[in-house]
Amino acid sequence: AARICLNDLFTSFLTNCRFESNAVQAGNGGCVLLQPGEPGVNLVYFQNCVFYDNKASDGFGGGLAAEGANKLGLWLTNCTFFGNLAATESGGGIYANLMHTEYNTVFVENSILWGNTVPQIYDTADPNRPHVFVTYSDVEGGYSGEGNIGENSSLHEPRFRDSTNGNLRLRYCFPCGDCSPCLDAARYTDVDGDVTDVNDVGGTTEQTPWDIGKGPRLVDFPGETEVA
């Protein structure tokens, strides 16, 4: 399969997508390559997306690469990066090489980056002025930011249902109690119209746990109907 390359971006929304088994032989971004070509502010939103088993064998960013000199704002919310490969120490999950001096930011929120080529995220910016900001996420090896976990591999392993076969749903807390650390087992909320069975228990009316950011496991784009 081939990767997605987005150049003339402006404002783009990608929701409920699964990017799997893509590869690039030479270049960056095994699955998604963002190279904003317009001089204005380019905004890209990924929500509820999975990046699985993608490869940039000789490049950077096995899952996603964002690079270039034009303005880019990138949001990754409720996304999972697992099993993506890149060249050594080049960001198996996410690679950011953004050169605009005023507007070049990647926000990662309530997401999982695990089992990718280390480091999970490679930000070429000065550590004192980073381009990548991560909050309430499980990043293998750890990553600075409010609410993040991942520095303890035994405690913070996401506990996917069956990662070997690509099932990256999180293990539900009951009845066995072997709950994913990405869920807040102490807090539950009724999910109205859980038509996609987000916790994969065969039902759509039960309570589901909140995420590690203390919020519901469903989020909406402004003005749109509920998405899982």
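Rounding to the nearest 0.5 angstrom, the gap separating the CD atom in Gln120 from the CD1 atom in Ile112 is 11.5 Å. Put simply, NE2 on His156 and SG on Cys182 are 9.5 Å apart, with the number rounded to the nearest 0.5 Å. Within the model, atoms CD of Glu157 and CG of Asn152 stand 11.5 Å from one another, a figure rounded to the nearest 0.5 Å. Of the inter-residue distances, the one linking Asn97 atom CG with Gln35 atom CD reads 10.5 Å to the nearest 0.5 angstrom. Annotation: the span from Asp53 atom CG to Leu85 atom CG amounts to 7.0 Å, rounded to 0.5 Å. Here the CG atom belonging to Asn70 is positioned 13.0 Å from the CG atom belonging to Leu34, to the nearest 0.5 angstrom.
A heavy-atom distance below 4.5 Å is found between the side chains of Thr11 and Tyr45. Using a 4.5 Å heavy-atom cutoff, the side chains of Phe51 and Phe46 are in contact. The side-chain heavy atoms of Phe19 and Cys49, taken from C-beta on, include a pair separated by under 4.5 Å. At a threshold of 4.5 Å between non-hydrogen side-chain atoms, the residues Val132 and Thr105 do not count as touching. Within the 4.5 Å cutoff, the side chain of Val139 has heavy atoms near those of the Val134 side chain. Residues Leu168 and Ser163 are in side-chain contact: their nearest non-hydrogen atoms beyond the backbone lie under 4.5 Å apart. Between Trp75 and Leu43, some side-chain heavy-atom pair lies under the 4.5 Å cut-off.
Remark: the backbone N or O of Asp126 is not paired with any side-chain donor or acceptor of Asn128 at under 3.5 angstrom. The backbone N or O of Gly30 lies less than 3.5 Å from no partner atom in the side chain of Asn84, so there is not a single donor-acceptor pair. Here the side chain of Asn148 pairs a donor or acceptor atom with the backbone of Tyr136 at under 3.5 angstrom. The closest donor-acceptor contact from the side chain of Thr117 to the backbone of Thr88 lies at 3.5 Å or more, if one exists at all. Looking at Ser111, its side chain does come within 3.5 Å of a backbone N or O of Glu109 through a donor-acceptor pair. Checking side-chain atoms of Ser57 against main-chain N and O of Lys55 turns up no donor-acceptor pair under 3.5 Å. Judged purely by atom type and a 3.5 angstrom limit, Asn167 has no side-chain atom pairing as donor or acceptor with the backbone of Phe160. Here the side chain of Thr77 pairs no donor or acceptor atom with the backbone of Gln47 at under 3.5 angstrom. A distance-only check finds a donor-acceptor pair linking the side chain of His131 to the backbone of Leu98 [under 3.5 Å].
The two atoms that bring Asn22 and Cys31 nearest to each other are ND2-SG, 3.6 Å, heavy atoms only. Between Pro181 and Arg159 the shortest heavy-atom distance is CD-NH1, 3.1 Å. Taking each heavy atom of Ala125 and Pro130 in turn, the nearest pair found is CB-CA, 4.1 Å. In terms of heavy-atom proximity, Asp58 sits nearest to Gln25 at OD2-O, 3.1 Å. Scanning both residues, Ala66 and Leu72, for their nearest heavy atoms gives CB-CD2, 3.8 Å. Here the shortest heavy-atom pairing between Asn42 and Lys71 reads ND2-O, 2.9 Å.
Within a 6.0 Å radius of CD in Glu89, other residues, nucleotides and ligands contribute 12 heavy atoms or fewer.
The same ILVMFWY cluster, assembled from side-chain heavy atoms under 4.5 Å apart, contains both Val41 and Phe13. Val118 and Ile149 are members of different hydrophobic clusters when ILVMFWY side chains are connected at heavy-atom separations under 4.5 Å.
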Item to check | Residues Leu33, Glu67; criterion side-chain contact (heavy atoms from CB on, under 4.5 Å); working and verdict | outcome: CA-CA 8 Å; Leu33 175 63; Glu67 58 188 22; 3.7 Å; yes

Next on the checklist: Before you tell me yes or no, could you show the steps for Phe107 and Leu76 under side-chain contact (heavy atoms from CB on, under 4.5 Å), namely the whole-Å CA-CA distance, both residues' side-chain angles and the distance that decides it to 0.1 Å?
Outcome noted: CA-CA 6 Å; Phe107 298 98; Leu76 294 151; over 6 Å; no

Item to check | Test side-chain contact (heavy atoms from CB on, under 4.5 Å) applied to Phe60 and Thr124, step by step | outcome: CA-CA 11 Å; Phe60 296 79; Thr124 64; over 6 Å; no

Next on the checklist: Go through it in stages, so that I can follow the logic: the residues are Val106 and Ile121, the test is side-chain contact (heavy atoms from CB on, under 4.5 Å), and I'd like the CA-CA distance, side-chain angles, deciding distance and then a yes or no.
Outcome noted: CA-CA 11 Å; Val106 178; Ile121 301 171; over 6 Å; no

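The one candidate from Ile94, Leu64, Asn54 that meets the side chain to side chain contact (heavy atoms under 4.5 Å, CB included) condition with Val32 is Leu64. Here the rule is side chain to side chain contact (heavy atoms under 4.5 Å, CB included) with Asp123, and of Phe133, Tyr143, Tyr95 only Tyr143 fits it.
Ring pair Phe81/Tyr52: centre-to-centre distance not below 6.0 Å. Ring centers of Phe82 and Trp114: at least 6.0 Å apart, outside the cut-off.
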